[in-house]
Amino acid sequence: MLWTMTREYVRGRVVALAGIVVLQLIQTLSSLFLPSLNARIIDEGISAGNLALIWRIGFVMVAVAAVQALCSAGAIFLAARTAMGQGQWLRERVFRHVQAFSSADMRAFGAPSLITRCTNDVQQIQMVVFLIYEIMLVAPLMGIGGVVMAVREDVPLSGLLLVVVPVLAVSVGIIMARLSPRFKAQQKAIDALTDIFRSQLAGVRVIRAFRRQGTERRRYGEANERLRGIALSIGALFALMFPVVQLIVTFSQVAVVWVGAGRIEAGAMDVGSLTAFLNYLILILMSVMMGSFVFTMIPRAQVCAQRIGDVLAHEPTVEGGTRHVHGPLRVRLEGAEVRYGDAAKPVLAALDLEFKPGETTAIIGSTGSGKSTLVSLLPRLRDPSSGRVSVNGEDAREVDLDELRRRIAYVPQRAYLFSGTIAQTVAASEPAEPLRVWRALRAAQAEDFVRDLPQGIDTRVEAGGSNFSGGQRQRLAIARALYRMADLYVFDDAFSALDYATDAALRSGLRDHVGPDAAVVIVAQRIATIRHASTIVVLEHGRVVGRGNHDQLVASCETYREIVRSQTEEAA
């Protein structure tokens with residue numbers, strides 16, 4: 001998967017890749033050329049007392065070293081730019097793909113895991129890709145070139161390489177084999193830690209209210225300890241690898257000096273050649289060590305690439321069609337059923353409902369009756385497990401998804417505000433027109449508190465609307481929906497944080513604001529919120545047990561009567 005992603009990215013960046021290869025080749029050849037020049041200075045210059053030769057070769061060495069430095073810097077720059085570009089490309093692909101996920105798709109991966117995959121996993125990939133460009137291109141060239149140059153210096157002494165290189169490769173290979181499963185466990189441990197930390201941040205008030213700080217600290221401490229243990233085991237293997245490599249390199253140098261000294265004494269080898277051979281030996285062993293280091297990182301990058309590939313390969317369960325809808329929007333549920341996973345019972349079953357233009361449909365029922373699930377079917381935040389959602393007689397799956405959602409204004413149960421100014425938040429993806437913003441705020445009963453703010457609609461909104469109260473957030477979320485010129489307005493328990501007076505004022509002006517042709521769907525718990533709706537749908541255990549206006553349901557639906565009775569008694 002790692003190589004597939006890299007190949008796909010560099011396919012249109014052949015020039016940059018060719019530049020890296022050429023610069024690394026020149027740099028490697030320069031590194032291999034320097035020891036032989038040094039050997040000539042020793043054997044032909046110093047031994048013979050030829051000062052002119054020493055100066056001449058010395059200047060050549062300086063020039064070669066300068067070329068090596070320039071090529072190295074250029075290669076590092078191109079490698080870093082290409083690797084970081086691949087990281088940016090991957091993050092953008094994951095982000096765009098996840099934007100098309102339905103709530104079921106999100107649950108399949110989990111928000112903490114998706115965050116880790118888009119950040120930590122991508123970072124691991126771009127780091128390894130950089131090391132591949134910077135080291136893995138150099139290591140084989142350096143290793144093979146070093147062997148060739150070492151053989152040129154002295155063939156019998158080169159026989160030591162047949163022992164040293166395999167010993168080093170096997171030693172590092174054994175350590176690498178033990179690292180791979182630990183890297184996979186490390187990524188899972190990071191996911192678990194992110195999940196706990198995210199849930200604690202989201203529920204910090206509840207945790208404090210129920211004095212669960214100690215329990216949450218223990219949960220986090222246990223997850224942190226697991227991650228620490230895995231990281232320590234990885235660190236221990238790395239700590240073992242480098243001394244092992246250093247030990248092999250040291251013994252190799254001792255062996256070369258021991259054998260080389262005998263050959264010099266026998267007159268079969270010069271001192272300069274032995275010095276050059278030692279340099280080539282270090283280059284060869286360094287190339288093996290650098291290559292091994294990258295190979296130890298590749299398994300973790302492979303795991304990360306596989307995790308990212310799983311996200312990109314996951315086909316969104318909700319996809320749009322190509323058909324366009326003309327005229328007022330008429331949405332209908334036809335035998336719709338929703339079932340979560342392998343649950344024994346469906347959340348919603350056998351729903352046949354129509355939401356007509358110009359009418360207000362209210363949905364009421366006990367907690368867990370499926371109200372929010374029902375209204376999530378309308379803008380296709382999820383699709384029914386069986387049955388269908390039709391739009392103007394067409395299957396909603398065949399309708400262009402962007403167009404459908406553009407014509408539906410949806411206020412979720414939990415109000416979430418975008419960061420920016422109030423004007424930008426209310427306008428959402430549309431240009432912020434001040435008059436329209438104030439009109440939407442007025443209809444949502446939010447105008448008064450916004451006018452009291454020093455900067456009015458230019459007041460900053462923190463992420464999620466954390467600098468506003470629950471009721472203010474809910475009214476701003478309603479204003480965001482009312483800013484749009486939609487055919488269908490869906491309010492999923494959007495009035496729950498409002499007091500009765502604000503609720504009544506908002507509902508009384510709602511029809512005038514949205515116009516006579518728009519369909520309105522209101523999910524609510526309070527009878528006062530929905531009693532004047534054209535049609536009230538009563539849900540119980542995912543099924544429609546009552547349908548009609550308030551008076552009809554009081555007379556015919558026991559579930560509705562119980563809800564009315566309970567709220568009347570509470571009011572009394």
Side-chain angles (χ1 to χ4, degrees), residues 96 99 320 324-329 331 355 357-360 375 378-381 391 399-492 494-495 497-498 502-522:
R96 287 180 178 275
Q99 290 296 300
H324 297 281
V325 179
H326 303 285
L329 210 62
V331 181
F355 305 96
E359 292 189 2
T360 298
V375 294
L378 306 183
R380 294 195 65 207
L381 299 180
V391 179
V399 177
D400 182 87
L401 189 58
D402 287 339
E403 180 183 350
L404 175 65
R405 290 177 176 170
R406 191 164 53 246
R407 298 180 67 175
I408 297 176
Y410 178 76
V411 184
Q413 192 171 16
R414 181 182 177 185
Y416 181 88
L417 303 181
F418 307 120
S419 57
T421 65
I422 288 178
Q424 292 168 340
T425 296
V426 171
S429 58
E430 299 181 27
E433 301 175 17
L435 292 178
R436 280 183 65 189
V437 170
W438 282 115
R439 181 172 178 269
L441 290 171
R442 189 176 306 114
Q445 303 301 307
E447 181 182 19
D448 290 342
F449 87 80
V450 173
R451 287 198 183 278
D452 289 340
L453 297 172
Q455 294 177 292
I457 60 174
D458 293 323
T459 301
R460 294 294 301 175
V461 178
E462 303 296 335
S466 58
N467 56 328
F468 292 99
S469 69
Q472 290 173 335
R473 283 199 301 271
Q474 205 156 36
R475 281 179 281 172
L476 290 174
I478 293 170
R480 181 175 58 198
L482 297 179
Y483 183 87
R484 302 173 64 180
M485 302 299 182
D487 291 333
L488 173 61
Y489 292 85
V490 180
F491 301 93
D492 183 7
F495 307 143
L498 307 181
T502 304
D503 182 355
L506 196 158
R507 284 184 290 104
S508 66
L510 185 61
R511 177 54 64 183
D512 291 336
H513 181 87
V514 301
D517 297 326
V520 177
V521 179
I522 299 175

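Numbers here simply count residues along the sequence, with the first being 1. Since the model is a prediction, treat every value here as computed from it, not as a measurement. Only heavy atoms go into these numbers, but all of them, side chains included; no hydrogens, no water, no symmetry mates.
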* To do: Kindly say whether Pro434 contributes a backbone atom to a donor-acceptor pair with the side chain of Arg439 at under 3.5 angstrom?
  => no

* For the pair Asn467 (side chain) and Glu462 (backbone), establish whether a donor and an acceptor sit closer than 3.5 Å, ignoring hydrogens and angles. => yes

* Structure fact -> Of all heavy-atom pairs linking Ala432 and Ala427, the shortest is CA-CB, 3.6 Å

* Interatomic spacing from CG in Leu417 to CD in Gln424 - rounded to 0.5 Å -> 13.0 Å

* Which heavy atom of Ala440 sits nearest a heavy atom of His513, and at what distance? -> CA-CE1, 4.1 Å

* To do: Give the minimum heavy-atom separation between Ala443 and Leu506, together with the two atoms involved.
  => O-CG, 3.6 Å

* Is the side chain of Arg511 donor-acceptor paired with the backbone N or O of Gly515 at a distance under 3.5 Å, no angle test? -> yes

* Nearest atoms (heavy-atom pairs only) where Ala518 meets Ala486 -> CB-O, 4.1 Å

* To do: Indicate yes or no for a side-chain donor-acceptor contact from Arg436 to the backbone of Tyr483 under 3.5 Å, with no hydrogens or angles considered.
  => yes

* Asked: Does the Arg405 side chain pair with the main chain of Pro379, one donor and one acceptor, at a distance under 3.5 Å?
  -> yes

* To do: Enter the distance from Leu482:CG to Arg475:CZ here, rounded to the nearest 0.5 Å.
  => 13.5 Å

* Closest heavy-atom contact between Leu441 and Ala479? -> CD2-CB, 3.9 Å

* Can you list the steps and then say if Thr421 with Arg460 is a side chain to side chain donor-acceptor pair (under 3.5 Å)? -> CA-CA 4 Å; Thr421 65; Arg460 294 294 301 175; 5.8 Å; no

* To do: Calculate, to the nearest 0.5 Å, the distance between atoms CG and CZ belonging to Leu498 and Arg507 respectively.
  => 10.0 Å

* Asked: Any sub-3.5 Å donor-acceptor pair from Glu447's side-chain atoms to Trp438's backbone N or O?
  -> no

* Under 3.5 Å, side chain of Gln474 to main-chain N/O of Ala494, donor-acceptor pair present? -> yes

* Value rounded to 0.5 Å, distance of CZ in Arg484 from OH in Tyr489 -> 8.5 Å

